[in-house]
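Numbered from 1 within each chain, the chains take letters A, B, ... in sequence-line order.
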Protein chains: 2
Amino acid sequence: MKPEDSASIKEKKVISIGTVRELTGLSERQIRYYEERKLIFPARSGSGIRKYSFSDVERLMEIANQMEEGVQTHEIRREWKKKEKANEDWKKQMLKGQIQAHFKNNKQ
Amino acid sequence: MKPEDSASIKEKKVISIGTVRELTGLSERQIRYYEERKLIFPARSGSGIRKYSFSDVERLMEIANQMEEGVQTHEIRREWKKKEKANEDWKKQMLKGQIQAHFKNNKQ
DNA sequence: CGTGTAAGGAATTCTGACACG
DNA sequence: CGTGTAAGGAATTCTGACACG
């Protein structure tokens, strides 16, 4: 993957909070609060300015949807951790399968 | 194409000049100067703050390379206009071919 | 021509706090 | 709990200009 690959572009933390506000329609107060609740993790510039990625913006829009449905920040966080773990487990299983196939085919 | 499509993300003007400086290694003075010479076209926030896209950042890095080779801004601009025109002409030809094929096959 | 810099002002962002409910 | 707001300060950005070469 090249550094300028679109996948990595999406993860680059380069957007400041005012622009995120425009992109998401959320208030700066809300955006900072969701960080306090560990739903979002902006980077910081040397002088402490928050920097967000496009992925962060997408994530914030998902949060906004959940909040509209009356879901509490605590719930949102718990759901995400669950999904994250499921994904980890799945990847582990994939790797395990790879290794087994490797030895089965006696390639080494 | 969805709005969040990676292609459009690359074109979104969301990065302020300080971050562009870090991304490109150019000085703010240089970045503004290349705009003055019509090599780059940032958007402006409501209050006049320049906003750049990832494409702009890439373009600035190409400019930086050209400048290192001693090419003048005027030259860079001229070369780009040439390439741009070639591209336009090519697209026109493609369209023309489409139309001809359409009538040839008597589909209408 | 291309770039550095000091100048003064305007807009942005930050934190901690008080408020409401 | 989630969000608004006023407060004071620090960091960012803007423009027009002078400098050098």
Side-chain angles (χ1 to χ4, degrees), chain A residues 12-81, chain B residues 12-81:
Chain A
K12 280 223 161 179
K13 309 269 192 177
V14 295
I15 313 175
S16 48
I17 199 166
T19 305
V20 174
R21 175 174 41 68
E22 288 170 3
L23 257 30
T24 61
L26 294 167
S27 70
E28 294 180 18
R29 181 65 164 104
Q30 289 174 308
I31 299 168
R32 293 198 190 100
Y33 181 67
Y34 301 151
E35 175 184 358
E36 190 184 320
R37 301 313 307 272
K38 305 207 185 302
L39 293 178
I40 195 84
F41 307 93
R44 295 278 186 147
S45 77
S47 54
I49 306 288
R50 269 171 268 251
K51 295 295 178 187
Y52 302 84
S53 66
F54 279 105
S55 284
D56 291 332
V57 170
E58 284 183 14
R59 189 154 171 151
L60 280 167
M61 291 172 81
E62 285 178 43
I63 294 170
N65 287 334
Q66 300 274 293
M67 294 301 288
E68 273 181 50
E69 292 171 31
V71 186
Q72 293 200 333
T73 56
H74 182 256
E75 273 302 309
I76 298 175
R77 181 161 148 73
R78 183 138 56 85
E79 284 307 308
W80 273 351
K81 283 194 124 173
Chain B
K12 279 223 164 180
K13 308 271 191 176
V14 295
I15 313 175
S16 47
I17 198 165
T19 304
V20 174
R21 174 174 40 69
E22 287 169 4
L23 257 30
T24 61
L26 294 167
S27 69
E28 295 180 18
R29 181 67 165 101
Q30 288 173 307
I31 299 168
R32 294 198 189 100
Y33 181 66
Y34 300 150
E35 176 185 356
E36 190 183 319
R37 301 312 309 272
K38 304 204 185 303
L39 293 178
I40 195 84
F41 307 94
R44 294 280 185 145
S45 77
S47 53
I49 306 290
R50 270 170 268 251
K51 295 295 179 187
Y52 303 84
S53 66
F54 279 105
S55 285
D56 291 333
V57 170
E58 285 183 13
R59 190 154 171 150
L60 280 166
M61 291 173 81
E62 287 179 42
I63 294 171
N65 287 335
Q66 300 273 294
M67 294 302 288
E68 272 182 50
E69 292 171 30
V71 186
Q72 294 200 333
T73 57
H74 182 257
E75 273 302 310
I76 299 176
R77 182 162 147 72
R78 185 137 55 84
E79 284 307 309
W80 273 352
K81 283 194 122 172

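Counting only heavy atoms from C-beta on, R50(A) has its side chain closest to dT15(C) among dT12(C), dT15(C), dC18(D). Between dG2(D), dT3(C), dT15(D), one nucleotide has an atom nearer to the side chain of Y34(B) than all others, and that is dT3(C). Among the nucleotides dC14(D), dC18(D), dT15(C), the one closest to any side-chain atom of R44(A) is dT15(C). For Y33(B), counting side-chain heavy atoms from C-beta on, the closest listed nucleotide (dG4(D), dT3(C), dC14(D)) is dT3(C).
Each of S47(A) and E28(B) was assigned the nucleotide of DNA chain C with the nearest heavy atom; the assignment lying further toward the 5' end belongs to E28(B). With DNA chain C read from its 5' end, the first of the two nearest nucleotides for I49(B) and R37(B) is the one closest to R37(B).
K51(B) is listed as a side-chain neighbour of S16(B), based on a closest heavy-atom distance under 4.5 Å. The side-chain heavy atoms of R77(A) and R37(A), taken from C-beta on, include no pair separated by under 4.5 Å. With a 4.5 Å cut-off on side-chain heavy atoms, E22(B) and V14(A) do not count as touching. Using a 4.5 Å cut-off on side-chain heavy atoms (C-beta onward), I15(B) and V57(B) make contact. Side-chain contact check for R32(B) versus R50(B): some heavy-atom pair is nearer than 4.5 Å. Counting heavy atoms from C-beta outward, M67(B) and T73(B) have side chains that approach closer than 4.5 Å. S53(B) is not listed as a side-chain neighbour of K12(B), based on a closest heavy-atom distance of 4.5 Å or more. No side-chain heavy atom of Y52(A) sits less than 4.5 Å from a side-chain heavy atom of T19(A).
Taking atom CZ of residue R29(B) and atom C1' of nucleotide dA7(C), one finds them 14 Å apart after rounding to whole Å. Atom CG of L39(A) and atom P of dT3(D) are 11 Å apart (whole Å). Rounded to an integer number of Å, the gap from I17(A) CD1 to dT13(C) C1' is 8 Å. At whole-Å resolution of the value, NZ in K51(A) and P in dA11(D) are 14 Å apart. Spacing between atom CD of E35(B) and atom C1' of dC14(D) amounts to 11 Å, rounded to whole angstrom units.
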(Q) Dot-bracket for DNA chain D, please. Rules: Watson-Crick or G-U, both distances under 3.5 Å, ( ) within the strand, [ ] when a pair crosses earlier ones, | for another strand, . otherwise. (A) .||||.||.|.|.||.||||.

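Of the possible polar contacts, none joining the K13(B) side chain to the S45(B) backbone as a donor-acceptor pair under 3.5 Å is found. In this structure a side-chain-to-backbone donor-acceptor pair under 3.5 Å is missing from E75(B) to Q72(B).
If you check residues 18-27 of chain A against DNA chain D, the residues with a heavy atom closer than 4.0 Å are S27(A), listed by number. Less than 4.0 Å separates DNA chain C from no heavy atom of any residue of residues 65-81 of chain A.
A sub-4.0 Å separation between OP1 or OP2 of dT5(D) and a side-chain N or O of R32(A) is absent.
The CG atom of L26(A) lies 6.0 Å from the CG atom of L60(A); values are rounded to the nearest 0.5 Å.
Using a 4.0 Å cut-off between charged nitrogen and carboxylate oxygen, R59(A) and E62(A) do not count as a salt-bridge pair.
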